[in-house]
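The structure appears right after this line, and notes come after that.
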Amino acid sequence: MIFGPTPLNEAEGAILAHGLQRPGLVFKKGRKLSAEDIAALKAAGVASVIAARLEPGDVGEDAAASAIAAAALGPGLTMSAAFTGRCNLIAQVRGLLLLDRARVDALNELDEAITLATLAPHEIVEPRQMAATVKIIPFAAPEAAVERAVALAGAPAPLLSVAPFRPKRVGLVQTTLPGLKPSILDKTLEATNRRLAALDCPPAEERRVPHEPAAIAAALRELAHNDILLVSGASANVDRRDVVPEGIVAVGGTVLHFGMPVDPGNLILLA
């Protein structure tokens, strides 16, 4: 791409790099100059403009952005029409944004002309929310770089997609100890149901049992018809062999991971 000051005699078909105003004349940045535009500029006393001229091997900004966005477009997303080198990917459904962070990084390292900005992986998106945007920085990108970006965005699968939320049935076991107020358990159930409602799930089916492995195991067995089981213990888990994990193991479960790098919530376990 040729870029810089351009005499008007060479500017027909060039892309105006900066907005230009003269009495009775307003040309915006990105305008492709026609013969009529050149005549108007000459009449206004303009001798040259800062412009870009595409060469063989260049892909115009809108065509490049559209091609890359189309390749990256997976289920649950749609794309806007490209404008000024930008093409947006828009969520069609409510759900989680799925993307391969390593491939996004690799695409952004291909050529400085090509950028892909996204929301964070697994972020909740709403219908009509922008999930990502492809932006070509100059007025054109090298054809070879665009082809590599298209290949990277499209294989082995489209780079971005939205996994729609699906209602899940949830069972909740809450354990009790002497002195524990029922209002604490009520608040836990209310908070859990608010979170489930935000994920389009029905209220939890609850059991309240003593803080003992056998009682937890029996409650989990009763609730096994649900898709997801939650256990909220009256006392924190401090070891894989504590009461709640022992109750899970007693009913045939397996503790997959004990402890999480979050605060609060260090003592969460996944089973």
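- The two residues His122 and Leu96 come nearest to each other via the heavy atoms O-CD2, 3.3 Å.
- Distance alone, capped at 3.5 Å, is enough to place a donor-acceptor pair between the Arg169 side chain and the His225 backbone.
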| task | Go through Thr133 and Leu89 one step at a time and tell me if the side-chain contact (heavy atoms from CB on, under 4.5 Å) criterion holds. | result | CA-CA 6 Å; Thr133 183; Leu89 277 65; over 6 Å; no
| task | For Leu98 and Val162, run side-chain contact (heavy atoms from CB on, under 4.5 Å): C-alpha distance rounded to whole Å, both residues' side-chain angles, the deciding distance at 0.1 Å, then the answer. | result | CA-CA 6 Å; Leu98 304 181; Val162 176; over 6 Å; no
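- Using a 4.5 Å heavy-atom threshold, the side chains of Ile90 and Met79 count as separate.
- Note: the hydrophobic cluster containing Leu73 also contains Leu107 (ILVMFWY, side chain heavy atoms under 4.5 Å, direct or indirect links).
- Atom SG of Cys87 is separated from atom CD1 of Ile68 by 9.5 Å, given to the nearest 0.5 angstrom.
- A single hydrophobic cluster is not seen to contain both Val46 and Ile50; linkage of ILVMFWY side chains at heavy-atom distances under 4.5 Å, directly or through other members, places them apart.
- Under the 4.5 Å side-chain heavy-atom criterion for Ile, Leu, Val, Met, Phe, Trp and Tyr, Leu267 and Val249 are members of distinct hydrophobic clusters.
- Taking a cutoff of 4.0 Å between a charged side-chain nitrogen and a carboxylate oxygen, Arg53 and Glu10 qualify as a salt bridge.
- Put simply, the side chain of Asp242 reaches to within 4.5 Å of the side chain of Pro245, judged on heavy atoms.
- With hydrophobic clusters built from ILVMFWY side chains whose heavy atoms lie under 4.5 angstrom apart, Leu152 shares a cluster with Val150.
- Between the side chain of Arg103 and the backbone N or O of Ala155 there is at least one donor-acceptor pair closer than 3.5 Å.
- For the pair Thr176/Val209, no side-chain contact is recorded, criterion being any heavy-atom separation below 4.5 Å from C-beta on.
- Between Ile216 and Val244, some side-chain heavy-atom pair lies under the 4.5 Å cut-off.
- Between Arg86 atom CZ and Ser66 atom OG the span is 13.0 Å, to the nearest 0.5 Å.
- To the nearest 0.5 Å, atom CD of residue Glu12 and atom OG of residue Ser34 are 7.0 Å apart.
- When atom types are taken as modelled, the side chain of Asn226 and the backbone of Ile228 share no donor-acceptor pair closer than 3.5 angstrom.
- Phe139 approaches Ala52 most closely through the heavy-atom pair CD1-CB, 3.7 Å.
- Follow the hydrophobic side-chain contacts under 4.5 Å out from Leu196 and you never reach Val231; the two are in separate clusters.
- The main-chain N or O of Ala204 is found under 3.5 Å from a side-chain atom of Asn193 such that the two form a donor-acceptor pair.
- When only modelled atom types and interatomic distance are considered, Asn88 and Lys135 share no side-chain donor-acceptor pair under 3.5 Å.
- Considering every non-hydrogen atom in both Leu180 and Thr175, the closest pair reads CD2-O, 3.7 Å.
- The structure places CG of Leu54 at 9.5 Å from CD1 of Ile2, a figure rounded to the nearest 0.5 Å.
- Applying the side-chain contact (heavy atoms from CB on, under 4.5 Å) rule to Asn266 yields the partners Asp263; only residues at least two apart in sequence or on another chain are considered.
- When atom types are taken as modelled, the side chain of Asn108 and the backbone of Leu116 share a donor-acceptor pair closer than 3.5 angstrom.
- Heavy-atom minimum distance, Ala140 versus Asp58: CB-CB, 4.0 Å.
- Residues Phe27 and Val49 fail the side-chain proximity criterion, which asks for heavy atoms closer than 4.5 Å.
- Sorted by first and then second residue, the pairs that involve residues 212-223 and meet side chain to side chain donor-acceptor pair (under 3.5 Å), not counting sequence neighbours, are Arg207-Glu222.
- By the 4.5 Å heavy-atom criterion applied to side chains, Arg94 and Asp200 are counted as neighbours.
- A heavy-atom distance below 4.5 Å is not found between the side chains of Leu229 and Val173.
- Looking only at side-chain heavy atoms (C-beta outward), Val104 and Glu109 stay at 4.5 Å or farther from each other.
- Side chain of Asp239 to backbone of Arg241: a donor-acceptor contact under 3.5 angstrom is found.
- The shortest heavy-atom contact between His18 and Leu16 is O-CG, 3.2 Å.
- Between Glu61 and Pro138, the shortest heavy-atom distance links the atoms OE1-O, 3.6 Å.
- Of the possible polar contacts, none joining the Thr6 side chain to the Ala11 backbone as a donor-acceptor pair under 3.5 Å is found.
- A distance-only check finds a donor-acceptor pair linking the side chain of Gln129 to the backbone of Glu126 [under 3.5 Å].
- Between Leu20 atom CG and Asp37 atom CG the span is 10.5 Å, to the nearest 0.5 Å.
- Rounded to the nearest 0.5 Å, atoms OG1 (Thr78) and CD (Gln92) are 5.0 Å apart.
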| task | In sequence, state the C-alpha distance, the side-chain angles, and the governing distance for Glu112 and Ile137, and then conclude on side-chain contact (heavy atoms from CB on, under 4.5 Å). | result | CA-CA 8 Å; Glu112 66 181 17; Ile137 301 301; over 6 Å; no
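- The residues Arg208 and Glu206 are annotated as salt-bridged, a charged nitrogen and a carboxylate oxygen being separated by less than 4.0 angstrom.
- Under a 3.5 Å cut-off, the side chain of Asp62 and the backbone N or O of Thr84 do form a donor-acceptor pair.
- In this structure Arg240 satisfies the side-chain contact (heavy atoms from CB on, under 4.5 Å) test together with Val255, Phe258, sequence neighbours excluded.
- In terms of modelled atom types and a separation under 3.5 Å, the side chain of Glu55 and the main chain of Met1 share a donor-acceptor contact.
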